[in-house]
Amino acid sequence: QAQLVESGGGLVQAGGSLRLSCAASGRTVSSYVMGWFRQPPGKERELVARTNWSGSNTYYSDFVKGRFTISRDNAKNTVYLQMNSLKPEDTAVYFCPASTLLANTRTVYPYWGQGTQVTVSS
């Protein structure tokens with residue numbers, strides 16, 4: 001079982017950048033598929049990006065392609081989400097779940113952190 005703690009959220013102006021971190025602990029976390037999901041106010045939780053255990057297979061949703069980058073440091077049990085050119089519509093709670101399956105659907109991620117709030121002002 002994996003325990004996950006997200007950090008790095010905050011308030012930023014449109015066009016700015018933030019880097020989110022997700023510290024993982026538990027058994028063999030380096031073997032997990034790690035994702036970043038977000039939940040905007042009043043909306044469903046949606047996939048932002050995910051990476052396989054080595055970082056060689058990544059996926060990005062269209063609305064963040066070219067702006068966000070997911071990466072992981074298995075030695076530090078940490079996953080990152082570098083967010084550039086932020087827009088007000090990126091405002092959401094960001095979560096970093098873990099899964100043993102390489103998939104993009106929310107239901108295959110059984111382990112979730114508490115999330116970190118990102119607010120982008122216009």
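Side chain of Asn74 to main chain of Asn77: no donor-acceptor pair is present (N/O by atom type, distance under 3.5 Å, no hydrogens or angles). Side-chain N or O atoms of Ser56 include none that pairs as donor or acceptor with a backbone N or O of Ser54 at under 3.5 Å.
Taking Ala14 as the reference, Pro88, Val120 meet the side chain to side chain contact (heavy atoms under 4.5 Å, CB included) condition, with sequence neighbours excluded. For Ser71, the side chain to side chain contact (heavy atoms under 4.5 Å, CB included) test picks out Tyr80, with sequence neighbours left out. Listed by chain and number, the residues in a ring-ring contact (aromatic ring centres under 6.0 Å, His included) with Tyr94 amount to none (sequence neighbours excluded). Not counting sequence neighbours, the partners of Thr107 by the side chain to side chain contact (heavy atoms under 4.5 Å, CB included) test are Thr105. Judged as a ring-ring contact (aromatic ring centres under 6.0 Å, His included), and not counting sequence neighbours, Tyr60 has no contacts. Every residue was checked against the side-chain hydrogen bond (donor to acceptor under 3.5 Å, both in side chains) condition with Ser85, not counting sequence neighbours, and none meets it.
Pairs of residues two or more places apart, or lying in two chains, that qualify as disulfide bond (SG atoms under 2.5 Å apart) and include a residue from residues 91-122 are Cys22-Cys96. Every pair passing side chain to side chain donor-acceptor pair (under 3.5 Å) that includes a residue from residues 40-51 is listed here, sequence neighbours excluded: Arg38-Glu46, Gln39-Arg45, Arg50-Asn57, Arg50-Asn104. Residue pairs meeting the ring-ring contact (aromatic ring centres under 6.0 Å, His included) criterion with at least one partner in residues 33-53, sequence neighbours excluded, are Phe37-Tyr109, Phe37-Trp112. Applying the salt bridge (charged side-chain N to carboxylate O under 4.0 Å, His left out) test to pairs two or more places apart or on separate chains, none has a residue in residues 98-120. Pairs engaging residues 36-70 under the disulfide bond (SG atoms under 2.5 Å apart) rule: none recorded [sequence neighbours left out]. Annotation: side chain to side chain donor-acceptor pair (under 3.5 Å) contacts involving residues 6-22, sequence neighbours excluded, comprise Ser17-Asn84.
Going from atom CD1 of Ile70 over to atom CD of Gln82 covers 12.5 Å, rounded to the nearest 0.5 Å. Here Leu4 contributes atom CG and Thr78 contributes atom OG1; the two are 10.5 Å apart, rounded to the nearest 0.5 Å. Note: Met34 CE to Ser99 OG = 10.0 Å, rounded to the nearest 0.5 Å.
Between Val108 and Pro110, the closest heavy-atom pair is O-CD, 3.1 Å. Here the shortest heavy-atom pairing between Gly113 and Phe95 reads O-CD2, 3.7 Å. The minimum heavy-atom distance linking Ser121 with Leu11 is given by the pair CB-CD1, 4.3 Å. Closest approach of Arg72 to Tyr32, counting heavy atoms only: NH1-O, 2.8 Å. Scanning all heavy atoms of the two residues, the minimum distance from Leu18 to Leu86 falls at N-CD1, 3.9 Å.
Ion pairing between Asp90 and Lys87 fails under the 4.0 Å rule for side-chain N and carboxylate O.
Follow the hydrophobic side-chain contacts under 4.5 Å out from Tyr111 and you reach Leu20 in the same cluster.
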